[in-house]
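Scroll down for the structure; my scribbles are underneath it.
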2 protein chains.
Amino acid sequence: MVLDAAAYRFCRQGYAATTMRDIASDAGMLAGSLYYHFKSKTALFLAVHEEGVRRIAEAVDHAVLTANQHDPWQCLENGLSAHLQSLLDGGDYAQVVIRDLPAEEASLRDQLIELRDDYELRFRKLVDALPLNNPDDAGWIRLMLLGAANWSKTWFRPNGASPAEIAAHFVRLLRNGETVGTKS
Amino acid sequence: MVLDAAAYRFCRQGYAATTMRDIASDAGMLAGSLYYHFKSKTALFLAVHEEGVRRIAEAVDHAVLTANQHDPWQCLENGLSAHLQSLLDGGDYAQVVIRDLPAEEASLRDQLIELRDDYELRFRKLVDALPLNNPDDAGWIRLMLLGAANWSKTWFRPNGASPAEIAAHFVRLLRNGETVGTKS
DNA sequence: ATATTAACCTAACAAATGTTTGTTTAATGG
DNA sequence: CCATTAAACAAACATTTGTTAGGTTAATAT
């Protein structure tokens, strides 16, 4: 399928380094034929990006819903685990969302950033639900977790720790220092 | 200067989207003239990258040396602060190191990754010097801090928290949970 | 004064780029 | 069986790309 081929290439080469002929070749057709499905290269990239955000969001929402609702830290860990899983072995679509945004057209850039912000709103909620010693730390915890998670694609190796394990470690390190004094 | 112009463009547009004519124009000359100074586009990029690593490494080394040598956490925070400062308001060179690596030529990629690994060795040492409850956490702490730091260029705003403040928050959140029980 | 060299220009090169146009094929519905 | 439409092709288009080759200028050293 065309979108799959585009995701494959955009994921590995980035936007600028990917040519319409690359994508067409992978999809088993010629470059011109792509314009029957998408009206431009940027439109094709936007479609891949949207599908990527949709998939990650779906995975995270599902993971959070089925989490232990009585432990906000566990909810957060489940969400982060789903985020990492989508990113690290969730196929090409998810990684395109994290890769470099094409800086050329400002309007496209703004659209992509808006998509990403909408998505990250989920983690804002998850972190705000935590019982923190200092509620002002919520923002820092969110930035730390998402940053560390998104950067993990640079050092992740399939034979190392699994996405779920990584999420557990990250959340645990922050939880130890922020657990409120309710030893029940 | 040619290298400055290259850093400027590579930083903002990435490798593939930057043309030799872009760089030449900013440097006040024509595209062909660049080949007097550098033998190819990749050589030019490599030079920018090397200079970027050199600058960050220098900043971090200096910050760690002048830190309070009796507090490993403070040393780490100073190092991270210098790292963030280089990245966020340290000019274009530093950011090129963090931006996307050109995936095209594998040999170039490997060279760049090696440069980055050499640099990150400093933080491996800084984290290994920490008095941790569980020494196995050293690796996770390093990955978390560097990941969160490198990702900060996507959300950093000059009118918000300063690089030094960001570093302090990040280190504090981890320190609270990992302080060994020596209350002296 | 002459030779040398650094630094840049001019002009072109072949290849690659996103995109358009007109045409063909294959499937589908009446 | 025929009309319609989806989906692809073939071939070109105008630019843009990295790169090369040879010429020009100004400074420097001998």
So if I apply the side-chain contact (heavy atoms from CB on, under 4.5 Å) rule between Ile113(A) and each of Gln111(A), Arg109(A), Arg116(A), which one comes out positive?
Arg109(A)

Counted 5' to 3', the first and last nucleotides of DNA chain C within 4.0 Å (strictly under) of a heavy-atom of chain A are dT17(C) to dT20(C)

Check ion pair Arg55(A)-Glu58(A) (N to O, under 4.0 angstrom):
no

Any donor-acceptor pair under 3.5 Å linking the side-chain atoms of Gln85(B) with those of Asp89(B)?
no

Parallel, tilted or perpendicular: which describes the rings of Trp140(B) and His169(A), with under 30° parallel and over 60° perpendicular?
parallel

Row check, Tyr8(A) ring normal vs Arg12(A) NZ/CZ: under 6.0 Å, within 45°
yes

Asp137(A)/Arg142(A) salt bridge by N-O under 4.0 Å criterion:
no

Please give the angle, rounded to 10 degrees, between the axes at the start and the end of the helix from dA1(C)-dT30(D) to dG30(C)-dC1(D), where five pairs define each axis.
10°

Could you list the protein-to-nucleotides 4-7 of chain D atom pairs, N/O on both sides, closer than 3.5 Å?
{"residue": "dA7(D)", "atom": "OP2", "partner": "Tyr36(A)", "partner atom": "OH", "Å": "3.0"}

With heavy-atom distances below 4.5 Å as the criterion, would you say the side chains of Pro163(A) and Ser81(A) are in contact?
no

Listed once per pair and sorted, the side chain to side chain donor-acceptor pair (under 3.5 Å) pairs that draw on residues 24-35 of chain B, sequence neighbours left out
Arg9(B)-Asp26(B)

Residues in ring pair (Phe, Tyr, Trp, His ring centres under 6.0 Å) contact with His83(B), at least two apart in sequence or another chain:
Tyr119(B), Phe123(B)

Polar atoms only, N or O, under 3.5 Å: list the protein pairs with nucleotides 17-20 of chain D and their distances.
{"residue": "dG18(D)", "atom": "OP1", "partner": "Thr18(B)", "partner atom": "O", "Å": "3.3"}
{"residue": "dG18(D)", "atom": "OP1", "partner": "Lys41(B)", "partner atom": "NZ", "Å": "3.0"}
{"residue": "dG18(D)", "atom": "OP2", "partner": "Met20(B)", "partner atom": "N", "Å": "2.9"}
{"residue": "dG18(D)", "atom": "N7", "partner": "Arg21(B)", "partner atom": "NH1", "Å": "3.0"}
{"residue": "dG18(D)", "atom": "O6", "partner": "Arg21(B)", "partner atom": "NH2", "Å": "3.1"}
{"residue": "dT19(D)", "atom": "OP2", "partner": "Tyr35(B)", "partner atom": "OH", "Å": "2.6"}
{"residue": "dT19(D)", "atom": "OP2", "partner": "Lys41(B)", "partner atom": "N", "Å": "2.9"}
{"residue": "dT19(D)", "atom": "O5'", "partner": "Tyr35(B)", "partner atom": "OH", "Å": "3.2"}

